[in-house]
Amino acid sequence: MKILYAVESVNLTGGYDRVIIEKCNYLAEHGHDVIICVSSHALAQPYYSISDKVRVIDFRIDFHRQYGHNLLYRAWVYFSLMLRYKKKLKKLLFNEHPDVVITTLGREIDFITDIHDGSAKIGESHIAKDYVRNLHLMEQRGSLYRMIACLWRKKLEERVKKLDTLVLLTQHDADSWDGLTKTVVIPNSLPFYPQQGSSCENKHVIFVGRYNEQKGLEYLIDTWQKVHYYHDDWTLHMYGEGEQETMLKHLIRKADLKDTVIVHRPTQHIMEKYLESSIFLLTSRFEGFGMVLIEAMACGLPVVSFNCPWGPADIIRDGEDGFLVEYLNTKEAAQRVSQLIENPILRKEMGVRARKNIQRYNRDVVMKQWTDLFESLKH
């Protein structure tokens, strides 16, 4: 089959880029003709390796031109660029004749179902419904932006209705889209599964993710401050980058944690960093799934996570292979981390169970669900 992914970029270090690239690599290596169509971020190189069998077509449309201007001018620039994007993507689809086109509910969702090229149109959401396209941030900027966000949400729902199907990562998220369109739940798959898990003996707690509003960095630092009060011989190692990195470092300095919270750049060898750690900590406001959770668990780490919408509750078996704590409750999160620190036998046993339980996200099993879906929609 010929499969085309329409995405904004493939050059960031987050789970979204990694999942898309690994999925496309897998499909291409298993005989499918795979195209990644990138709308913007043209000049940066992909952070994750893309198979030579995957074609990448870059439209080089700089949507960042719209920012930094008044609302009226920004709207004019945006819609001009959108018109250009639609023309380019329409031409590509009619030239390539893909069997399946996948949108991750980015800008192309506004027009993708209006292109009648004969392909099945699939939506793929990597974030909980209320947080798609960061409309929740727009709602926080005042009444005018709140009204615009409301209109965008309605428009998004109308467009989603026209898709052949919408793929969600969790049943909770699928329930939130109920009644709008046909939905299918397909989780993300394990990117790696080392031969041996962590010994869980190093006095390291690890966080991996983008430094942004989603990840609740202020809750992470508050949690760690509470842990550090009783366990000052343990360190928190953070791997990531993002727009809130300056804020993160300020929070660390303000809490006087600069010697116990170590901020690292992203690494291509993250599996080794998991294996050097003993506990994984996540304090997200929201998730689509939580790739870092299954990565950490595959490496034999017990995990502690807020029960945020959505993902952690599907992955973590509370009290068995990790702990789900009350949403935004840093006191409970710190208590659970401390419990694992103080009980090395429990920590190791949970890590072993995490590694065993997470095998349900085996890549071959998950990717078969995708190929079965493609075959069912083939026109």
Side-chain angles (χ1 to χ4, degrees), residues 1-29 32-67 77-115 117 119-127 132-134 156 159-160 163 166-167 169 188 191 210 212 214 240-243 266 268 288 291 367 370 374:
M1 297 183 68
K2 182 177 286 190
I3 301 158
L4 186 145
Y5 257 96
V7 299
E8 181 180 359
S9 68
V10 287
N11 64 352
L12 300 179
T13 60
Y16 165 86
D17 292 66
R18 183 175 189 168
V19 166
I20 296 296
I21 290 172
E22 289 183 349
K23 193 181 301 177
C24 289
N25 288 349
Y26 182 98
L27 291 167
E29 295 294 336
H32 299 282
D33 184 358
V34 181
I35 303 170
I36 300 177
C37 174
V38 181
S39 64
S40 59
H41 292 284
L43 300 179
Q45 291 297 314
Y47 185 77
Y48 302 106
S49 178
I50 299 177
S51 169
D52 292 339
K53 296 180 180 180
V54 175
R55 284 188 287 157
V56 179
I57 298 174
D58 194 339
F59 285 166
R60 297 177 180 267
I61 301 173
D62 184 11
F63 280 100
H64 285 267
R65 280 174 47 200
Q66 66 182 293
Y67 300 121
V77 172
Y78 177 79
F79 287 111
S80 298
L81 294 173
M82 281 292 286
L83 181 62
R84 183 181 170 198
Y85 183 23
K86 182 177 180 179
K87 287 180 178 179
K88 282 178 169 285
L89 187 55
K90 182 177 180 178
K91 182 179 179 180
L92 178 65
L93 296 189
F94 276 97
N95 286 341
E96 291 289 346
H97 301 291
D99 297 293
V100 174
V101 174
I102 304 172
T103 168
T104 54
L105 306 190
R107 297 182 179 96
E108 65 283 340
I109 189 62
D110 293 351
F111 58 78
I112 196 74
T113 54
D114 295 334
I115 302 176
D117 61 305
S119 64
K121 304 299 193 302
I122 298 176
E124 179 183 328
S125 180
H126 287 254
I127 209 71
V132 170
R133 297 182 70 174
N134 286 325
L156 175 64
R159 288 297 178 176
V160 165
L163 293 168
L166 176 63
V167 179
L169 295 169
N188 288 329
R210 285 195 63 77
N212 60 17
Q214 175 190 346
E241 63 182 1
E243 60 271 21
Q268 297 276 12
M291 274 298 295
M367 290 308 301
W370 275 102
F374 295 156

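Worth knowing before you read on, the calculation uses all heavy atoms, side chains too, and leaves out hydrogens, waters and symmetry mates. Remember, predicted model here, so these are calculated numbers, not experimental data. Counting from 1, the numbers follow the sequence of the chain as shown.
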Please walk me through it: do Arg159 and Asp114 pass salt bridge (Lys or Arg N to Asp or Glu O under 4.0 Å)?
CA-CA 10 Å; Arg159 288 297 178 176; Asp114 295 334; 2.9 Å; yes
Going by heavy atoms in the side chains, are Ile20 and Tyr16 under 4.5 Å from each other?
yes
Does a side-chain heavy-atom distance below 4.5 Å link Leu27 with Met367?
yes
Quick one: are Tyr48 and Val10 in side-chain contact, heavy atoms under 4.5 Å?
no
Under-4.0 Å salt bridge between Asp58 and Lys88:
no
Going by heavy atoms in the side chains, are Phe374 and His32 under 4.5 Å from each other?
no
Any non-hydrogen side-chain atom of Phe111 less than 4.5 Å from a side-chain atom of Met82?
yes
With heavy-atom distances below 4.5 Å as the criterion, would you say the side chains of Asn25 and Ile50 are in contact?
yes
Just so I know, are the side chains of Trp370 and Val167 near enough to count as touching, which here means a heavy-atom distance under 4.5 Å?
yes
Strictly distance-based, threshold 3.5 Å: is any side-chain N or O of Asp99 a donor or acceptor partner for the main-chain N or O of Lys2?
yes
Please tell me whether Glu108 and Ser39 have a donor and an acceptor in their side chains that are separated by less than 3.5 angstrom.
no
Any cation-pi pair here, Arg107 with Phe63, using under 6.0 Å and within 45°?
yes
Salt bridge present between Lys90 and Asp117 (N-O < 4.0 angstrom)
no
Counting only heavy atoms not in Asp52, do more than 12 fall under 6.0 Å of its CG?
no
Any donor-acceptor N/O pair, Arg55 side chain to Ile35 backbone, under 3.5 Å
no
